[in-house]
Amino acid sequence: MIRYSDNDLTEFKEIILRKLDAAKKELAYLQGLITRRDEGGDMDEGRYMTMEDGSVSMEREQLSQLASRQITFIDHLEKALMRVENKTYGICRVTGHLIDKARLRAVPHATLSIEAKSMMNR
C-alpha cells in the first residue's frame, strides 16, 4: 500500500492543527459578531423599520454564511486529522495515488489529486 511516511504525516498533522486552530478562532469571532447586541440598545417594538435595519439584517446573513463555511472547513480539517491518525492521509480517493505534497500543504483537507480533480471537472 502506498502512503506517506510517519515523518510526512507528522508534518501534515502540524499544518492541519495550525489551520484548525486559526479556523476555530475565526469561527468564534464570527459567532461573536453575529450574536452581539445592537450598540443602540434593544429595539423598541413601536419604532419603525429603517433602511439601516435592512443592512444590519443583510450583514448578519453574510456573517452567518461565513460562519457556516468555517464550520464546514473545520469539519474537513478534523476529518483530515482522522486520516492522518489512521495513516490514509494524502491518498487520492479516486486514483489511489499519493496527492502531491505541495497540494496538501496548500489545501491540507484535500482528498483528490490534481489529476482526479481535473477529471471530475470535465
Side-chain angles (χ1 to χ4, degrees):
M1 179 175 167
I2 300 172
R3 72 172 189 88
Y4 279 108
S5 72
D6 289 344
N7 287 338
D8 288 333
L9 291 175
T10 299
E11 174 193 347
F12 291 129
K13 183 177 183 176
E14 290 170 5
I15 292 169
I16 294 166
L17 287 172
R18 278 195 307 270
K19 290 207 180 237
L20 189 57
D21 184 52
K24 286 181 178 180
K25 286 177 183 173
E26 178 72 16
L27 178 60
Y29 174 74
L30 290 169
Q31 288 173 330
L33 290 176
I34 292 168
T35 58
R36 76 170 189 241
R37 295 185 182 252
D38 292 345
E39 292 173 16
D42 293 282
M43 294 172 73
D44 294 335
E45 286 182 29
R47 81 175 177 91
Y48 293 100
M49 189 166 190
T50 64
M51 293 277 285
E52 190 176 297
D53 293 332
S55 66
V56 168
S57 176
M58 196 157 105
E59 179 185 346
R60 282 195 179 138
E61 177 62 28
Q62 289 172 336
L63 289 171
S64 293
Q65 288 176 352
L66 288 172
S68 178
R69 287 182 184 154
Q70 276 304 102
I71 290 167
T72 300
F73 182 54
I74 289 168
D75 181 58
H76 289 309
L77 289 172
E78 288 173 343
K79 287 177 180 170
L81 273 180
M82 284 191 274
R83 291 191 301 276
V84 167
E85 294 302 320
N86 65 24
K87 301 183 190 284
T88 60
Y89 180 80
I91 300 170
C92 177
R93 62 183 164 90
V94 171
T95 66
H97 300 143
L98 290 179
I99 300 171
D100 188 66
K101 285 183 181 183
R103 175 162 169 72
L104 290 172
R105 287 183 184 114
V107 186
H109 60 284
T111 60
L112 296 172
S113 63
I114 295 290
E115 298 79 26
K117 185 107 174 144
S118 63
M119 284 182 347
M120 294 179 88
N121 288 335
R122 287 184 198 155

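Scope of the values below: all heavy atoms of this structure, side chains included, with no hydrogens, waters or symmetry mates.
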Which atom names give the shortest non-hydrogen contact between Ile34 and Ala67, and what distance separates them? CD1-CB, 4.1 Å

Minimal non-hydrogen separation, Asp100 against Tyr4, with atom names: C-OH, 3.8 Å

Single-linkage hydrophobic cluster Leu112~Val107, side-chain heavy atoms < 4.5 angstrom: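 Looking at the clustering, Val107 is in a separate group from Leu112.
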
Under a 4.5 Å side-chain heavy-atom rule over Ile, Leu, Val, Met, Phe, Trp and Tyr, are Ile74 and Leu63 clustered together?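 Not linked; separate clusters.
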
Using ring-ring contact (aromatic ring centres under 6.0 Å, His included) as the criterion, list what pairs up with His109, not counting sequence neighbours.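 ring-ring contact (aromatic ring centres under 6.0 Å, His included) list for His109, sorted by chain: Phe73, His76.
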
Check the pair Leu81 / Leu17 against side-chain contact (heavy atoms from CB on, under 4.5 Å), numbers first and verdict last. CA-CA 8 Å; Leu81 273 180; Leu17 287 172; 3.7 Å; yes

Between CG on residue Leu9 and CD on residue Glu85, distance to nearest 0.5 Å: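 CD of Glu85 is found 9.0 Å from CG of Leu9.
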
Nearest 0.5 Å, please: how far is CZ in Arg69 from OG in Ser64?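 These two atoms lie 12.0 Å from each other.
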
Less than 3.5 Å apart, which donor and acceptor atoms pair up between the side chains of residues 18-30 and the rest of the protein, not counting sequence neighbours?
from  : atom 1 : to    : atom 2 : distance (Å)
Asp21 : OD2    : Lys25 : NZ     : 3.2

Distance-only criterion, 3.5 Å: show the donor-acceptor pairs between side-chain atoms of residues 115-122 and protein atoms not counting sequence neighbours.
from   : atom 1 : to     : atom 2 : distance (Å)
Glu115 : OE1    : Ser113 : OG     : 3.2
Ser118 : OG     : Ile114 : O      : 3.3
Ser118 : OG     : Glu115 : O      : 2.9
Asn121 : ND2    : Lys117 : O      : 3.3

Got a sec, which residues hit side chain to side chain donor-acceptor pair (under 3.5 Å) with Glu11, two or more places apart in sequence or on another chain? Arg105

Results of side chain to side chain donor-acceptor pair (under 3.5 Å) for Arg93 - residues two or more places apart only: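 For Arg93 the side chain to side chain donor-acceptor pair (under 3.5 Å) partners, ignoring immediate neighbours, are Thr111.
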
Salt bridge check: are Lys87 and Asp6 linked by an N-O gap of less than 4.0 Å?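 Salt bridge between Lys87 and Asp6, a charged N being under 4.0 Å from a carboxylate O: yes.
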
Determine, stepwise, if the pair Asn86 / Thr88 fulfils side chain to side chain donor-acceptor pair (under 3.5 Å). CA-CA 6 Å; Asn86 65 24; Thr88 60; 2.6 Å; yes

Donor-acceptor pair, distance only, cut-off 3.5 Å: does the side chain of Tyr89 make one with the backbone of Pro108?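 Present.
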
For residues Ile91 and Ile99, determine if any side-chain heavy atom of one lies less than 4.5 Å from a side-chain heavy atom of the other.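 With C-beta onward as the side chain, the pair stays apart.
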
Taking side-chain contact (heavy atoms from CB on, under 4.5 Å) as the test, write out the residues that go with Asp75, two or more places apart.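 Asp75 satisfies side-chain contact (heavy atoms from CB on, under 4.5 Å) with Lys79 once adjacent residues are dropped.
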
